[in-house]
Amino acid sequence: MSDEQGCPKRMTYGPCGGVRDDASCELDQRPCPFAQPRAEVVRWTEPTAPLPTGPSSRLLDAARSGPVVLSDLTTRAYDAAGLAAVVDVLRGSCDAVLVGEHQNRPDFPPALMAMLVAQAGGTPWMTLTCRDRNRVVLEQELAGLALAGADGVLCVTGDVRAPGVRPGVTQVFDLDGTRLAARARECGHAVAVPEAPAAVPRALRPARLLQKQRAGAHLAVLNHVATPGEVADFVTAARALGVGIPAIAAVAVYTDERSARVLQRFPGLHLEDARVEAVLEARDVREAGIEAAVAEARALLAIEGVVGVNLSGLGSGAGELAGARVKAEIGDRIREGR
Ligand code: SF4
């Protein structure tokens, strides 16, 4: 599908997770062609790449014997020393660190980021997006990530760059996340794919995850939803369709106004507003935010098919190290109970 036909990311296996609640595009008011009333899931028809052996991944191995914790990495861009300091705070509290790729905050290339995280003692899971790289450069990164110690790759299409952010810079989208997942599997990576259970069109989301499994995914990383019950409904529906890959569910980590509002503004993410306000009105907001995250994690881990949680968001508006300390405390409390 071309931009002219409706999708600015030229997605084949849409919709992305950013569809707005009125079925319009994450970029503007255009209707998302994958989310209209008669839309059907786009089926993966290519063969899944065979592997002589399963991928080597510490996170996937750990998930076979108990719940795992995956912590988002939040650092200043192009700051290797800052990255090492944040990883040093996180590394004892989680099984792996998830490195993002943001439309408004470019950073070192993913292979270099993986190397820096590994050198700092973390287990890097790397997000790779299709926005800023053509197919050749994506293949270069997949090869580089294998050498750089990446434990796995989260294959995403990526957000469209917001209006006004780096105007005049092209956006590539040669591939979408599903096709990137297939390429990553061919390269021998442990492959994760995102899915957004609460994003429109909700009824198609479980079948969409099934297509990503067929493309080669080993793991699903789910976006925030308002309640664990919605995750349970999604996972149950996906398993009924034949999804057998495990899921990691997102836990919203916020301990102040700024870190909460950042999560609430994100298209495709759904938080329970009453819960957010209860945390923000607490006498000790930091402790209330940590307790809310731990409680959410425990509820999510009780769902069959959910093997871990992703501690997601800034964690704190007081800086990267403060946010990392919040996530580390949450990770420690979750792991103490496992
Ligand atoms: S919401 Fe996503 S899939 Fe739909 S048109 Fe926009 S970019 Fe494409």
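When a ligand or atom number is given, it counts from 1 through the structure's own listing order. Along the sequence shown, residues carry numbers from 1.
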Check: Among the protein atoms near atom 6 (Fe) of ligand 1, how many are N, O or S and lie under 2.8 Å away?
Finding: 1
May I have the list of side-chain donor-acceptor pairs in residues 135-143 shorter than 3.5 Å, sequence neighbours left out?
| from | atom 1 | to | atom 2 | distance (Å) |
| --- | --- | --- | --- | --- |
| E141 | OE1 | A111 | N | 3.0 |

Check: Would you call P33 a ligand 1 contact, heavy-atom distance under 4.0 Å?
Finding: yes
Distance-only check: which donor-acceptor pairs under 3.5 Å involve side-chain atoms of residues 240-252, not counting sequence neighbours?
none

Check: OG/S316 to CG/D256 distance, rounded to the nearest 0.5 angstrom?
Finding: 4.5 Å
Check: When rounded to the nearest 0.5 angstrom, what distance separates CZ in R10 from CG in L175?
Finding: 9.5 Å
Notebook entry, point to check: Do any pairs count as a ring pair (Phe, Tyr, Trp, His ring centres under 6.0 Å) and have a residue in residues 55-86, sequence neighbours left out, and if so which ones?
Noted result: Y78-F108
Check: For the side chain of T255 and the backbone of G289, is there at least one donor-acceptor N/O pair under 3.5 Å apart?
Finding: no
